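Here the structure is a predicted model, which means the values were calculated and not measured.
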Amino acid sequence: TMANLASNYAQQGRYAEAAALYGQALPGLERQTNRDPSRLLSVMSSYVATLRKLHDYAEAEKLEVRATGLRVKNALLSERQQVKSASYDN
């Protein structure tokens with residue numbers, strides 16, 4: 001996938017190319033978030049690290065804020081599902 005190629009580029013120190021690919025991969029992953037939010041969060045984390053290597057701290061921070069929001073949202077949804085399951089068990 002594009003995100004895997006971006007990861008390979010980042011591992012090779014080809015950060016500008018990796019960042020471009022991560023930027024292209026994110027929209028597709030965001031559309032698939034309901035199926036696999038952990039994959040999106042992993043790619044976002046790698047993208048943040050790559051942006052930092054490029055000294056693009058402002059963009060890295062924006063992306064970190066988005067990722068944190070997604071983590072909170074997923075945690076709340078998970079908690080809500082657990083509460084629903086517990087209430088059906090009683």
Side-chain angles (χ1 to χ4, degrees):
T1 66
M2 202 175 310
N4 290 340
L5 182 57
S7 176
N8 288 337
Y9 282 168
Q11 290 173 359
Q12 296 170 10
R14 297 165 64 182
Y15 301 117
E17 293 165 284
L21 287 174
Y22 281 132
Q24 293 173 28
L26 272 185
L29 290 170
E30 288 174 323
R31 285 190 294 275
Q32 300 171 8
T33 298
N34 291 337
R35 285 187 276 175
D36 190 6
S38 62
R39 174 74 175 137
L40 173 61
L41 289 168
S42 174
V43 170
M44 290 174 101
S45 176
S46 296
Y47 191 12
V48 166
T50 299
L51 290 169
R52 285 191 177 134
K53 291 285 187 179
L54 293 169
H55 305 285
D56 191 350
Y57 302 111
E59 199 61 36
E61 184 177 352
K62 288 179 195 175
L63 190 56
E64 273 189 309
V65 168
R66 284 176 50 203
T68 299
L70 183 58
R71 282 185 191 93
V72 169
K73 178 182 172 184
N74 287 335
L76 291 173
L77 288 174
S78 176
E79 186 176 303
R80 184 180 300 159
Q81 289 171 347
Q82 289 174 359
V83 168
K84 279 185 179 181
S85 292
S87 66
Y88 289 127
D89 291 342
N90 292 329

* salt bridge (charged side-chain N to carboxylate O under 4.0 Å, His left out) partners for R71, two or more places apart -> none
* For A6 against A18, the heavy-atom pair lying closest together -> O-CB, 3.3 Å
* To do: Grab the two heavy atoms, one from A25 and one from A3, that are nearest each other, plus how far apart they are.
  => CB-N, 4.0 Å
* To do: Might you point out which heavy atoms bring A16 and L54 nearest each other, and give the distance in Å?
  => N-CD2, 3.8 Å
* Do the side chains of L29 and T1 get nearer than 4.5 Å, heavy atoms only? -> no
* Which heavy atom in Y22 sits nearest to a heavy atom in A10, and how many Å separate them? -> OH-CB, 4.5 Å
* K62 side chain reached by L51 side chain, heavy atoms, under 4.5 Å -> no
* Any chance you could measure L26, atom CG, to M2, atom CE, to the nearest 0.5 Å? => 10.5 Å
* To do: Looking only at non-hydrogen atoms, find the nearest pair between L41 and A67 and report the distance.
  => CD2-O, 3.6 Å
* To do: Determine, using the 4.5 Å side-chain heavy-atom cutoff (strictly less than), whether V48 and L21 are members of one ILVMFWY cluster.
  => no
* Asked: Between T68 and E64, is there a donor-acceptor pair closer than 3.5 Å when you use the side chain of the first and the backbone of the second?
  -> yes
* Asked: Going by heavy atoms in the side chains, are L70 and M44 under 4.5 Å from each other?
  -> yes
* By salt bridge (charged side-chain N to carboxylate O under 4.0 Å, His left out), which residues pair with K53, not counting sequence neighbours? -> none
* Closest heavy-atom pair and its distance - A19, T50 -> N-CG2, 3.8 Å
* If we only count heavy atoms from C-beta on, is the N8 to Q11 side-chain gap below 4.5 Å? -> yes
* Asked: So with a 6.0 Å cut-off around CD of E61, is the heavy-atom count from everything else above 12?
  -> no
